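Before any comments, here is the structure.
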Amino acid sequence: SIFVALLLIRERHYKHLAMTDSLTGLWNGIKFRKEAEQLLQHNPKKEYQLISLDIEHFKYVNSDLGEAAADGILKMIGKRLCEVFGSNALYGREMADMFWILTEKREDLEELLHKIAEPVMFENNGIEQIYKPLFKFGICMFKEYDLAFGDYIDMAIMARKAIKGDPAKVIEYYDDEMAAKINIETLCEGVETRGQADFLKQIGCDMAQGFLYSRPVPREEFEGLLEA
């Protein structure tokens with residue numbers, strides 16, 4: 001029985017390692033998505049904010065200061081995420097200098113993000129140095145969990161990439177205007193009343209479907225409707 005218990009402990013240990021970023025101790029990208037999906041499924045009506053963040057020009061830290069210094073900075077940033085947002089948020093490191101945060105809606109969100117972007121103290125060859133990270137934050141806000149989580153991931157990344165290379169902007173939000181700029185067509189399902197259809201038209205929804213237009217029909221009947 002002791003042998004079996006040791007095997008179970010070892011198995012749990014290796015499972016944890018497989019889902020954890022070895023450098024920062026945060027969830028890796030795969031585990032972050034899994035935990036985030038479970039959280040959202042259990043709280044479908046809560047408002048959440050998904051933040052994609054990375055550091056511009058971080059590759060120069062590797063080349064100028066060395067890998068050990070770069071790793072030390074990333075460790076400090078991972079620790080800072082947890083300190084600033086606390087235990088009520090989920091965190092993950094996707095790769096290199098790209099991180100994720102999922103938190104319930106916070107009115108002080110931008111204030112917290114600016115705290116994350118403060119200078120980092122790190123040690124390089126026994127000498128304490130200061131690094132000022134140039135963060136870019138892309139934020140996707142959603143009230144209901146009505147899309148695949150991968151869609152929210154894409155939206156947050158789009159928002160972040162929209163300000164990449166812009167020294168004047170640190171934070172960007174994904175919104176309908178951004179979707180229009182990248183030519184994404186929007187489809188709303190379940191439209192049942194003329195009032196719903198009129199509202200969707202007002203806010204710029206491209207397409208709609210639902211009982212207002214037709215009940216579900218066989219393919220042959222659908223093709224007949226198109227020809228009518």
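Computed from a prediction, not measured in an experiment: that's the story for all the values here.
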F142 with I101, same ILVMFWY side-chain cluster at under 4.5 Å: no
Correct closest heavy-atom pair for F149 and A36 would be CZ-CB, 3.4 Å
Tell me, do E94 and R33 make a side-chain contact under 4.5 Å, heavy atoms counted? yes
Before you tell me yes or no, could you show the steps for L109 and I171 under side-chain contact (heavy atoms from CB on, under 4.5 Å), namely the whole-Å CA-CA distance, both residues' side-chain angles and the distance that decides it to 0.1 Å? CA-CA 10 Å; L109 178 63; I171 299 171; over 6 Å; no
Between N28 and K31 (side chain of the first, backbone of the second, donor and acceptor by atom type, cut-off under 3.5 Å), is there such a pair? yes
Should the pair R160-E56 be classified as a salt bridge under the 4.0 Å nitrogen-to-oxygen rule? no
Can you confirm whether more than 12 heavy atoms, excluding those of L134, are under 6.0 Å from its CG atom? yes
Please assess L50 against M155 for the test side-chain contact (heavy atoms from CB on, under 4.5 Å), listing each intermediate value before the final yes or no. CA-CA 9 Å; L50 175 66; M155 292 173 189; over 6 Å; no
Considering all heavy atoms, the nearest K132-A117 contact: NZ-O, 3.2 Å
Check whether any side-chain heavy atom of V170 sits under 4.5 Å from a side-chain heavy atom of L113, and report yes or no. no
Minimum heavy-atom distance between A69 and F122, given as atom pair plus value: CB-CE1, 3.8 Å
Just how far is it from atom CE of M121 to atom CD of E123, taken to the nearest 0.5 Å? 11.0 Å
Show the nearest heavy-atom pair for residues L74 and A96, with the distance to one decimal. CD1-O, 3.7 Å
Could you walk me through whether W27 and T20 pass the side-chain contact (heavy atoms from CB on, under 4.5 Å) test, one step at a time? CA-CA 5 Å; W27 295 128; T20 304; 4.1 Å; yes
According to a hydrophobic-cluster definition based on side-chain heavy atoms being under 4.5 Å apart (Ile, Leu, Val, Met, Phe, Trp, Tyr only), do F99 and M76 belong together? yes
If you draw a 6.0 Å radius around CD in E128, do more than 12 non-hydrogen atoms from other residues or ligands fall strictly inside? no
Given side chains that start at C-beta, do those of L102 and Y152 come closer than 4.5 Å, heavy atoms only? no
Between OH on residue Y174 and CD1 on residue I139, distance to nearest 0.5 Å: 14.5 Å
Taking D166's backbone N and O only, do any of them form a donor-acceptor pair with K136's side chain (distance below 3.5 Å, no angle check)? yes
With side chains defined as the heavy atoms from C-beta onward, is the minimum distance between I153 and W100 less than 4.5 Å? yes
L112-Y173 co-clustered via ILVMFWY side chain contacts under 4.5 Å: yes
So which atom in F32 and which in G92 form the shortest heavy-atom distance, rounded to 0.1 Å? CD1-N, 3.7 Å
Could you go step by step and tell me if C140 and D151 meet the side-chain contact (heavy atoms from CB on, under 4.5 Å) rule? CA-CA 10 Å; C140 173; D151 292 331; over 6 Å; no
Please list all pairs meeting side-chain hydrogen bond (donor to acceptor under 3.5 Å, both in side chains) that have one or both residues in residues 78-93, counting only residues at least two apart or in different chains. D21-R93
Measure the CD1-CD1 distance between I73 and I130 for me, rounded to the nearest 0.5 Å. 11.5 Å
Looking at N125, I'd like to know if its CG atom is crowded, meaning that more than 12 non-hydrogen atoms belonging to other residues, nucleotides or ligands lie closer than 6.0 Å. no
Within-4.5 Å side-chain heavy-atom neighbours: T24 and L81: no
For F85 and T103, the nearest pair of non-hydrogen atoms, with its separation, is CE2-CG2, 4.1 Å
With the 4.5 Å side-chain cut-off for hydrophobic clustering, are V84 and L90 part of the same group? no
When clusters are formed by joining ILVMFWY residues with side-chain heavy atoms under 4.5 Å apart, either directly or through shared neighbours, do L39 and M141 land in the same one? no
Considering only heavy atoms from C-beta outward, does the side chain of I157 approach that of M98 to under 4.5 Å? yes
Over 60° means perpendicular and under 30° means parallel, so tell me whether F135 and F137 are parallel, tilted or perpendicular. parallel
So, the side chain of Q49 versus the backbone of R106: is there a donor-acceptor pair under 3.5 Å, distance only? yes
